[in-house]
Amino acid sequence: MGRKVLITGFEPFGQDTVNASWEAVRRLEDRIGDMEVTKLLIPTVFGAAGEKVLKAAKELQPDVILCVGQAGKRTSVTPEVVAINLRDASIEDNAGKRPCDESVVPGGPAAYFASVPVRKIVDSVKEGGISCMLSYSAGAYVCNDLFYTVRHFYEGTGTQVGFIHVPCLPEQGGDERSGMVLETTVEALRLAVGAL
Ligand code: PCA
């Protein structure tokens, strides 16, 4: 029987009018290998992002939840190794909130490791000729908030949870944002799902 993956991408935030994560996620096929793929757009809002994913996952009962976000200045696809119990935003989220030194889950553990095979994902994406490396920090903004929330909820269950940051698209511009062409990012996510 096929397995199910719930894969999520974010709406644009900050100065951007698109978000590379959703642009790539929404182009994925509905089936990749033996995986049935369900795609979900989520708000770039502390708390609300995690709530929307947990609600969808409750319905879908996926085997794996793979969240994807945009990391402006990165030039490689970067599976995240760790989620931390911290909200510390340098810009407002899309609801105008800018938490500082708050917990994601008060009283929760300081951190969780991803429960997807991050190294296998890196190897598969690199074998496809795409720049990919592990990241040891998902930051303390909405991406980390989502990753921690979902990882915490599924701790001790059979549902695997992971997070991948992808570069901006070239058209998102800026000197520090050389970006990655959309089809390359889509292919990287395809390979990542194939490695699950
Ligand atoms: N990137 C942000 C949040 C939404 C997104 O795509 C982050 O890295 O936290």
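Order of appearance sets the numbers: ligands from 1, and atoms from 1 within every ligand. All values reported here derive from a predicted model rather than from experimental measurement.
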Under 3.5 Å donor-acceptor, [X] side chain and [Y] backbone:
X     : Y      : answer
Gln70 : Val166 : no
Asn85 : Gly108 : yes
Asp16 : Gln172 : no
Arg3  : Asp63  : no

NZ/NE/NH1/NH2 to OD/OE distance under 4.0 Å, Glu29 and Arg190: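 So Glu29 pairs with Arg190 through a salt bridge.
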
SB check Asp101 Arg87 (cutoff 4.0 Å):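 Arg87 and Asp101: not salt-bridged.
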
Do [X] and ligand 1 have an N or O pair less than 3.5 Å apart?
X      : answer
His165 : yes
Ser21  : no
Cys143 : yes
Gln70  : yes

Which segment of Asp145 sits under 4.0 Å of ligand 1 when only heavy atoms are counted: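 Answer for Asp145: neither.
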
For Gly69, the ligand 1 atoms whose distance to one of its heavy atoms is below 4.0 Å: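 With Gly69 as reference, the close atoms of ligand 1 come out as 6 (O).
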
Subset of ligand 1 atoms that lie under 4.0 Å from at least one heavy atom of Asn19: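 By the 4.0 Å cutoff, the relevant atoms are 5 (C), 6 (O).
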
